[in-house]
Amino acid sequence: MSTATTEPDRIAATPGPAAPAGVRQTRRRRRGVTRWIVLAIAVVFALLMLAPLLLLVLNAFKTGADYSAHGPLALPERFSIEAFQQYLSLVDYPRALVNSIVIAGLVAVLGTALALVTSYALGIGRIRGRTWILAVFLLATMLPQESLIYPLFYGAQATGLFNTIWSVVIVFTVLQAAFGTYLLSSVMSTIPQSLLEAAALDGAGRFRILWSVVFPVLRPTLSVLVVFFFVWTWNEFYIPLVLLTDQSAQTVPIALATLQGQNSINLTALNAGSLLSLLPTLVFFLVFQRTLSRGVTVGAVK
């Protein structure tokens with residue numbers, strides 16, 4: 001076989017003339033300026049996003065007199081925990097915190113587990129009417145909570161779950177699982193059928209395939225759902241406000257809302273309560289940030 005190359009091949013393989021040093025330096029300078037502009041824009045947007053949080057922190061450590069004299073935008077004359085003391089004296093924050101953690105944690109775990117089982121039947125089992133069932137689940141996530149509150153209220157009273165955290169846990173487990181089923185069923189449909197058939201040939205049953213094959217593949221996506229379900233349930237307000245009227249069963253957002261209705265409370269205590277309500281979800285998000293980013297990245301690669 002001849003190794004000779006033709007003239008067109010030699011011309012194509014010959015590298016073009018290198019750009020002059022001045023041109024290369026100009027290009028590098030332009031790229032450097034572009035990076036600095038993008039960085040400046042990102043910093044501006046970050047400051048705009050953090051501005052409400054910074055104002056919340058500043059006003060939470062002000063006294064009532066300092067807030068009245070200088071307004072919300074001024075720096076505090078001295079950092080004081082008076083607002084936190086006043087808030088904790090008016091609200092049973094530890095009890096509300098425990099209720100919120102229990103409710104959000106149970107909903108996150110139970111909702112994800114229920115979504116995994118139901119989406120396994122829809123995404124891999126391919127039951128009849130799969131499209132219509134998914135449409136119903138999607139509709140359930142789109143309905144406003146105001147349209148659900150009356151049947152939920154009377155149902156909680158009829159079952160004896162009214163004013164107990166289980167009424168909220170059951171409701172939000174079903175609602176979050178509806179969204180999780182719609183999401184996971186589409187993800188499961190992308191799992192190679194040959195992988196499932198190989199597990200079946202090895203003698204694995206349906207539950208064995210779910211636990212040993214499907215669950216490891218979907219673990220990053222499930223971790224993302226757990227984080228989202230926890231944060232979403234923590235921030236829920238309307239349904240818990242109706243179903244949890246007893247102070248011993250109230251969550252942190254409801255306790256903060258009842259504080260707003262009292263004329264004696266000042267705005268610094270309200271800021272202190274808002275900061276204490278925000279901190280648990282912020283800590284939870286920071287702890288699971290790597291899990292969240294890993295799950296999103298794996299899902300994008302798939």
Side-chain angles (χ1 to χ4, degrees), residues 1 100-143 148 165-166 168-236 280-302:
M1 181 181 296
S100 292
I101 292 176
V102 171
I103 292 174
L106 287 175
V107 170
V109 175
L110 296 178
T112 304
L114 182 59
L116 175 64
V117 175
T118 53
S119 61
Y120 178 66
L122 295 173
I124 294 180
R126 301 287 183 175
I127 63 177
R128 286 187 177 182
R130 170 180 177 270
T131 303
W132 291 103
I133 295 175
L134 289 177
V136 171
F137 284 152
L138 181 61
L139 180 63
T141 62
M142 298 171 60
L143 288 175
L148 304 174
I165 63 174
W166 291 108
V168 179
V169 169
I170 293 173
V171 169
F172 285 116
T173 295
V174 174
L175 292 178
Q176 308 290 27
F179 172 79
T181 301
Y182 177 78
L183 177 66
L184 291 178
S185 60
S186 60
V187 177
M188 285 190 182
S189 62
T190 62
I191 296 179
Q193 195 67 26
S194 58
L195 183 63
L196 305 176
E197 293 174 355
L201 291 176
D202 289 338
R206 293 181 179 178
F207 288 101
R208 184 66 178 177
I209 293 176
L210 172 62
W211 181 253
S212 300
V213 179
V214 177
F215 177 74
V217 173
L218 296 182
R219 187 178 298 171
T221 306
L222 295 176
S223 63
V224 173
L225 284 182
V226 169
V227 175
F228 281 168
F229 288 172
F230 184 93
V231 176
W232 292 346
T233 306
W234 182 282
N235 294 327
E236 287 292 344
T281 54
L282 183 61
V283 172
F284 179 84
F285 183 81
L286 292 177
V287 169
F288 291 95
Q289 180 183 9
R290 181 172 298 179
T291 301
L292 183 63
S293 60
R294 187 187 302 118
V296 173
T297 303
V298 172
V301 172
K302 289 181 181 178

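Values in this document were obtained by computation on a predicted structure and should not be read as measured data.
Separating the CD1 atom in Ile209 from the CD atom in Glu197 is a distance of 10.0 Å, to the nearest 0.5 Å. Atom CG of Leu106 is separated from atom CH2 of Trp166 by 5.0 Å, given to the nearest 0.5 angstrom. Taken from CG in Leu218 to OG in Ser119, the straight-line distance is 7.0 Å, to the nearest 0.5 Å. Note that CD of Gln176 and OG1 of Thr181 are 11.0 Å apart. Values are rounded to the nearest 0.5 Å. The structure places CD1 of Ile133 at 14.0 Å from CG of Leu138, a figure rounded to the nearest 0.5 Å. Once rounded to the nearest 0.5 Å, the distance linking OG1 of Thr141 with CG of Leu175 reads 9.0 Å.
Nearest heavy atom pair, residue Thr233 against residue Ala104, reads CG2-CA, 3.9 Å. Nearest heavy atoms, Leu134 versus Tyr182: O-CD1, 3.9 Å. Nearest approach of Val169 to Thr173, heavy atoms of both residues: O-OG1, 2.6 Å. Taking both residues in full, the closest heavy atoms of Arg206 and Tyr120 are given as O-OH, 2.9 Å, listed atom of the first, atom of the second, then distance. When all heavy atoms are compared, the tightest approach of Ala115 to Gly180 is CB-C, 3.6 Å. Of all non-hydrogen atoms in Pro220 and Pro216, the two that sit nearest each other are CD-O, 4.2 Å.
Remark: aromatic rings of Phe284 and Phe230 are close, center separation under 6.0 Å.
Listed by first and then second residue, the ring pair (Phe, Tyr, Trp, His ring centres under 6.0 Å) pairs involving residues 193-215 are Trp211-Phe215 (not counting sequence neighbours).
Side-chain contact between Val107 and Val168: absent, with no pair of heavy atoms (C-beta onward) separated by less than 4.5 Å.
Ring geometry for Trp232 versus Phe229: interplanar angle of 30 to 60°, hence tilted.
The side chain to side chain contact (heavy atoms under 4.5 Å, CB included) test with Leu114 is passed by exactly one of Thr112, Thr118, Leu116: Thr118.
Listed by chain and residue number, nothing satisfies the side-chain hydrogen bond (donor to acceptor under 3.5 Å, both in side chains) test with Ser100 (two or more places apart in sequence, or in another chain).
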